[in-house]
Engineer: 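Got a structure here, written out as structure tokens. Questions coming.
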Amino acid sequence: MKVAALYGQKDLRIEDRPVPEPGPNQLVVKIAYVGICGTDVEFYQSGRVPAELPMVLGHENVGTVTAVGEGITEYKIGDLLLLGPPTACEQMCPSCKRGETNICINGFPNTAGIGGPDGGYAAYYLVRDVAHTMLIKVPEGVDPKDAVLFDVICVSLHGIRKSKFKFGDDVVVSGTGSIGLSAIQFLKAAGANRIIVLGTSDGKEPILKEYGADYFINAKTTEKIGETIRDILGKSVGADVVFECAGHTPSLKNLIYECVRPGGQVMVIGTIGETLEIVPSSFSIFEPDIDFSFVYTPDEVQIYLDMLNAGKIRFPGMVTDIISLDDAVVKGLDRKDKSGQIKILIDPSM
Ligand SMILES: [Zn+2]
Ligand SMILES: [Zn+2]
């Protein structure tokens, strides 16, 4: 079978490997789609992963069970499954005991395709530890192309559920990628009063409107972001809750300094890997809560699938390209022309 394995910085190799056979308590899944995540791009560009290289990337997977190991009763051949991060560590750490598996101290890096075993940039995927892998059955009416978006969409879902957002709040969402778009839709569904979106490209306004944004501010070209927000809100202060979904330090700085009202909340959902210089005393007098959100729990993935199946949420235009494993670098991890791209999926059968 074909796999794409990362060997180092900008070194992704297409290889032919034997199709895995399931041992006891293992499953083999034929990958239908695997999402290309920002994390994958980061791994490819830096050559640094929390594991030994080579490693097959891919942690946003959906596929059909093709072989079932001894001792498995919960899953059968033909089941369509989502394959995500660990549901709980074997040691059952205090976080896992509380059901907060997203902040397990033994870590998200045990996820296949991130730091654990090989991931889904492959025709087939071996679930090595069924008991500790997020495996969620996809309901019949759900398109696998929508189901596979769980990784980005549930990141948003978790951040909003963890936030202090309440019906009728004014909100700012910074970021117009897949996480920002999902946040806009959830906040709209949850009854936000006014949804103001900060982004850096103008071409996305139609899709932002479609997802529920009321106002768009180009953060690159607008000089006085805070003033613009206060004008929109007709208030002398910023929004009640602001969500960082861009994963950029300038975006977080804007949210803290310009966008949140005194006593409001800044919820950081995006992953920010750069240094942020801030002067706490310049905003601490307004007592904003600055809070963080990390990935999601299995319950939240189930909520996503249930709501999708019931037609209560939908994500049109989110998948912007479907590519082959052979094109994983040129049309995916190292794509030069990213304009108009939101989520790119790999279909290993192509
Ligand atoms: Zn991801
Ligand atoms: Zn744990």
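Both counts, for ligands and for their atoms, begin at 1 and track the order of listing.
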Engineer: Can you check whether K204 reaches Y211 side chain to side chain, under 4.5 Å on heavy atoms?
Structural biologist: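 No, side chains not in contact.
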
Engineer: Any heavy-atom pair between the side chains of L27 and L81 that's under 4.5 Å?
Structural biologist: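 Side chain of L81 against side chain of L27, heavy atoms only: contact under 4.5 Å found.
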
Engineer: What angle, in degrees and rounded to 10°, do you get at the Zn ion (ligand 1) when you join it to OE2 of E60 and to SG of C37?
Structural biologist: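 Computed angle, vertex at the Zn ion (ligand 1), rounded to 10 degrees: 90°.
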
Engineer: Under the criterion salt bridge (Lys or Arg N to Asp or Glu O under 4.0 Å), which of R335, K343, K145 is the partner of D321?
Structural biologist: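 Answer after filtering R335, K343, K145: R335.
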
Engineer: Rounded to the nearest 10°, what angle sits at the Zn ion (ligand 2) between SG of C89 and SG of C96?
Structural biologist: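 Value returned, to the nearest 10°, is 110°.
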
Engineer: From the options V3, L83, I346, select the one residue that forms a side-chain contact (heavy atoms from CB on, under 4.5 Å) with I31.
Structural biologist: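 The single option meeting the side-chain contact (heavy atoms from CB on, under 4.5 Å) with I31 is L83.
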
Engineer: Check whether any N, O or S atom of D151, backbone or side chain, sits closer than 2.8 Å to the Zn ion (ligand 1).
Structural biologist: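 Checking D151: at least one N, O or S atom is under 2.8 Å.
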
Engineer: How large, to 10°, is the angle at the Zn ion (ligand 2) when you draw lines to SG on C93 and to SG on C104?
Structural biologist: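 With the Zn ion (ligand 2) as the vertex, SG (C93) and SG (C104) sit 110° apart.
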
